[in-house]
Amino acid sequence: MQLGLSTAPGATLLQVSQSDVFSQIQNDALLSSSLWVNIALAGLSTLLFVYLARGVSTPRAKLIWAATLMIPLISLSSYTALVSGLTVGLIEMPAGHPLGGQEVLSQWGRYLTWALSTPMILLALGLLADVDRGSLFTVIVADIAMCVTGLAAALITSSYLLRWVFYLISCAFFAVVLYALLTEWADAATAAGAGEIFDTLRALTVVLWLGYPIVWALGVEGLALVQSVGVTSWAYSGLDVVAKYVFAYLLLRWVADNEGTVAAAGESTGGASPAAD
Ligand code: RET
């Protein structure tokens with residue numbers, strides 16, 4: 001994989017055509033396979049989830065199912081945009097960066113579409129745990145802010161320092177999400193009778209989500225300790241497979257088997273259900 005391409009004088013992100021990036025992706029087997037595998041898995045997961053939901057009838061379970069179904073659908077769009085070159089670009093790294101002055105391939109579309117997919121994951125988890133609306137709102141807004149500031153960290157080309165400032169701001173938003181998952185939401189889930197499945201999903205979420213900022217820091221956009229865009233892309237894709245499809249499958253299977261518990265939680269605790277507050 002070509003990665004620290006030397007910069008042609010005056011070359012900018014906008015001068016690299018989409019088809020150039022597209023052929024660069026197609027010519028890199030490691031990189032393109034990391035994207036195509038996810039397109040295939042997102043498609044299969046969508047079909048499986050529609051099948052799993054055939055018996056779901058209560059409004060609350062339907063809402064959880066709708067949020068969960070969005071996860072592979074957003075992923076399908078996200079990976080198709082990446083593979084086409086639409087949301088991938090060559091970014092010239094600022095002075096001070098290990099690859100300063102060189103252009104690196106940035107899959108910036110990932111950060112953008114995480115701003116759509118991760119709120120669906122948190123919405124499904126929050127509904128499952130029957131958390132109150134204030135908490136759900138705060139966590140989802142912090143999560144979107146985490147993704148958008150992560151996008152800023154990836155796209156800044158003027159200052160190496162500011163890339164890391166935005167990275168730290170994103171980490172601060174991430175801390176809000178982690179804090180809620182580990183404290184308040186866990187208590188709410190136990191009260192709602194979903195303690196066990198919530199513990200499993202929370203462990204999966206906390207451990208895997210921590211992997212994303214680590215991959216960013218090690219990859220070409222951060223410290224460039226790993227200089228292959230294909231390897232970085234596989235790391236993100238691997239995390240995505242478990243954080244999205246395995247997560248969503250476990251959640252939906254539990255909801256389908258425990259619809260009564262899900263419906264009762266919304267009625268009795270006055271949590272995030274529409275009738276509450
Ligand atoms: C970035 C870099 C800046 C610092 C932090 C990050 C965290 C990203 C996370 C992403 C999770 C993505 C998931 C996607 C599934 O569709 C943006 C990498 C904290 C936690 C689960």
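Note: hydrogens, waters and symmetry copies are ignored here, and every other heavy atom, side chains too, is used. Index from 1, following the sequence. Order of listing sets the numbers, starting from 1, for every ligand and every atom in it.
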Look at the aromatic rings of Tyr212 and Tyr236 and report parallel, tilted or perpendicular, splitting at 30° and 60°. parallel
Of all the non-hydrogen atoms in the protein, which one sits nearest to [atom], and at what distance?
| atom | result |
| --- | --- |
| atom 7 (C) of ligand 1 | Pro213 CD, 3.7 Å |
| atom 14 (C) of ligand 1 | Trp114 CD1, 3.4 Å |
| atom 13 (C) of ligand 1 | Thr118 CG2, 3.4 Å |
| atom 21 (C) of ligand 1 | Trp209 NE1, 3.2 Å |
| atom 8 (C) of ligand 1 | Tyr212 CB, 3.6 Å |

For a quick test of reading the model, state the closest non-hydrogen atom pair linking Ser106 to Glu221 and the distance between them. OG-OE2, 2.7 Å
Min side-chain heavy-atom separation Val83-Gln26 under 4.5 Å: yes
List every atom of ligand 1 that sits less than 4.0 Å from any heavy atom of Lys244, numbering the atoms from 1 in the order shown and giving each element. 15 (C), 16 (O)
Suppose I only count heavy atoms of Ser117 and a 4.0 Å limit; which atoms of ligand 1 are within that range? 15 (C), 16 (O)
Restricting to heavy atoms, the pick from Gly150, Ser170, Ala153 nearest atom 5 (C) of ligand 1 would be Ser170
When rounded to the nearest 0.5 angstrom, what distance separates CG in Leu178 from CE in Met146? 8.5 Å
Determine, using ring centers only, whether Trp164 and Trp216 are less than 6.0 Å apart. yes
Within 45° of the six-membered ring axis of Phe166 and under 6.0 Å from that ring's centre, is NZ or CZ of Arg163 located there? no
